[in-house]
Amino acid sequence: MSGGPDVEYVIVSALAGDAITIADIQTASWRDSYREFLPARFLAGPIVENRRSLWTARMSAPDADRRFVAKAMAGGSAIGFACVLLDADPAWGPLLDNLHVLPGMKGLGVGWALFRAAREWVLEQAPLEPMHLWVIEANQQARGFYDRQGGAIAERRVVEVTAGFRVPALRYVWPPESGRSAPS
């Protein structure tokens with residue numbers, strides 16, 4: 001895939017050995033995009049171990065067929081990733097739990113390609129299920145991205161972004177191809 005005139009990338013499956021790389025991408029993304037939403041003291045230090053612990057556990061957990069983790073690769077380096085959890089919320093369907101692109105790689109189509117890969121996996125694994133995600137309500141950049149992907153806001157709730165940090169968030173939903181609507 002082409003990400004623009006200067007960046008060529010491909011979307012590939014992530015493996016358990018990619019956990020630290022994925023954690024580091026999420027850390028860089030959160031430090032860039034969440035600095036207005038999460039405490040500076042968390043983003044300055046504890047986030048590294050927090051994300052590495054989460055991704056090491058997630059990527060080595062059983063039932064790998066119940067999750068989808070893909071990474072965008074450019075020039076031998078990972079520049080973004082997406083993660084879908086098939087069974088995270090039976091009422092709402094598969095959860096797009098993460099979609100992050102390194103700050104310097106945004107705007108090149110990488111996020112769109114990762115989103116499409118996640119959506120295609122959901123349509124293949126759970127064709128009658130909607131897909132949903134939570135986005136921080138004040139994160140206008142992310143909301144604009146998900147609006148452009150055709151997501152519909154289904155609800156607003158205060159959610160825990162990570163241990164002890166709660167923020168107002170919006171649930172975005174994409175209906176299944178069959179036309180079945182999301183729960184109300």
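The figures here come from the full heavy-atom set of this structure, side chains too, leaving out hydrogens, waters and symmetry mates. For reference, positions follow the sequence shown, starting with 1.
Under the 4.5 Å side-chain heavy-atom criterion for ILVMFWY residues, no single connected hydrophobic cluster contains both Val167 and Leu133. The hydrophobic cluster containing Ile136 does not contain Ile153, counting ILVMFWY residues as joined when their side-chain heavy atoms lie under 4.5 angstrom apart, directly or transitively. Criterion: ILVMFWY side-chain heavy atoms under 4.5 Å apart, direct or through other members. Under it, Val84 and Val159 are not part of a common hydrophobic cluster. Hydrophobic clustering (ILVMFWY, side-chain heavy atoms < 4.5 Å, transitive): Val161 and Ile47 are in one cluster.
Taking the side chain as every heavy atom from C-beta outward, Phe145 and Leu99 approach each other to under 4.5 Å. The closest side-chain heavy-atom distance from Gln149 to Arg119 is not below 4.5 Å. Val69 has its side chain within reach of Met59: a pair of non-hydrogen atoms, C-beta onward, lies under 4.5 Å apart. With contacts defined as side-chain heavy-atom distances shorter than 4.5 Å, the pair Leu114/Val101 qualifies. Looking at heavy atoms from C-beta onward, Asn98 lies in side-chain contact with Gln26 at the 4.5 angstrom threshold. Annotation: side chain of Pro176 is not in contact with side chain of Glu129 (no heavy-atom distance under 4.5 Å). Within the 4.5 Å cutoff, side-chain heavy atoms of Tyr172 are placed close to those of Asp147. Between Ile22 and Arg51, every side-chain heavy-atom pair lies at or beyond the 4.5 Å cut-off.
A search for side chain to side chain contact (heavy atoms under 4.5 Å, CB included) contacts involving Glu155 returns Trp92, Trp134, Arg157, Arg171, not counting sequence neighbours. Every residue two or more places apart in sequence or in another chain was checked for a salt bridge (Lys or Arg N to Asp or Glu O under 4.0 Å) with Arg148, and none qualifies. Residues meeting the salt bridge (Lys or Arg N to Asp or Glu O under 4.0 Å) test with Arg116, sequence neighbours left out: none. Residues satisfying the ring pair (Phe, Tyr, Trp, His ring centres under 6.0 Å) criterion with Tyr34, sequence neighbours excluded, are Trp30. For Asp97, the side chain to side chain contact (heavy atoms under 4.5 Å, CB included) partners two or more places apart in sequence, or in a different chain, are Arg58, Leu85, Leu95. Judged as a salt bridge (Lys or Arg N to Asp or Glu O under 4.0 Å), and not counting sequence neighbours, the contacts of Asp32 are Arg35, Lys106. Not counting sequence neighbours, the partners of Phe115 by the ring pair (Phe, Tyr, Trp, His ring centres under 6.0 Å) test are Trp174. Under the salt bridge (Lys or Arg N to Asp or Glu O under 4.0 Å) criterion, Glu160 pairs with no residue, sequence neighbours left out. Residues passing the side chain to side chain contact (heavy atoms under 4.5 Å, CB included) test with Pro46, sequence neighbours excluded: Phe42. Residues that satisfy the side chain to side chain donor-acceptor pair (under 3.5 Å) test with Tyr146, not counting sequence neighbours, are absent from this structure.
For residues 79-88, the set of pairs meeting the salt bridge (Lys or Arg N to Asp or Glu O under 4.0 Å) definition, not counting sequence neighbours, comprises Arg66-Asp87. Identified under the salt bridge (Lys or Arg N to Asp or Glu O under 4.0 Å) test for residues 17-30, with sequence neighbours left out: Asp18-Lys71, Asp24-Arg52.
A side-chain donor-acceptor contact under 3.5 Å links Asn50 and Thr162.
Closest non-hydrogen pair, Leu102 versus Ala78, comes out as CD1-O, 3.7 Å. Contact detail for Arg156 and Pro168: the closest heavy-atom pair is NH2-CB, 3.3 Å. Annotation for Phe165 and Pro39: closest pair CE2-CG, 3.1 Å, computed over non-hydrogen atoms. Of all the heavy atoms in Gly80 and Ile25, the pair that sits closest is N-CD1, 3.8 Å.
Judged purely by atom type and a 3.5 angstrom limit, Ser60 uses its side chain to pair as donor or acceptor with the backbone of Thr56. Checking side-chain atoms of Asp63 against main-chain N and O of Asp65 turns up no donor-acceptor pair under 3.5 Å.
Taking CH2 of Trp55 as the reference point, atom OG1 of Thr27 lies at 11.0 Å (rounded to 0.5 Å). Within the model, atoms CZ of Phe81 and OG of Ser13 stand 14.5 Å from one another, a figure rounded to the nearest 0.5 Å.
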**Message:** What verdict does the side chain to side chain contact (heavy atoms under 4.5 Å, CB included) test give for Val173 and Met131, after you've listed the backbone C-alpha separation in whole Å, the side-chain angles of each residue and the deciding distance to 0.1 Å?
**Reply:** CA-CA 6 Å; Val173 177; Met131 183 178 82; over 6 Å; no
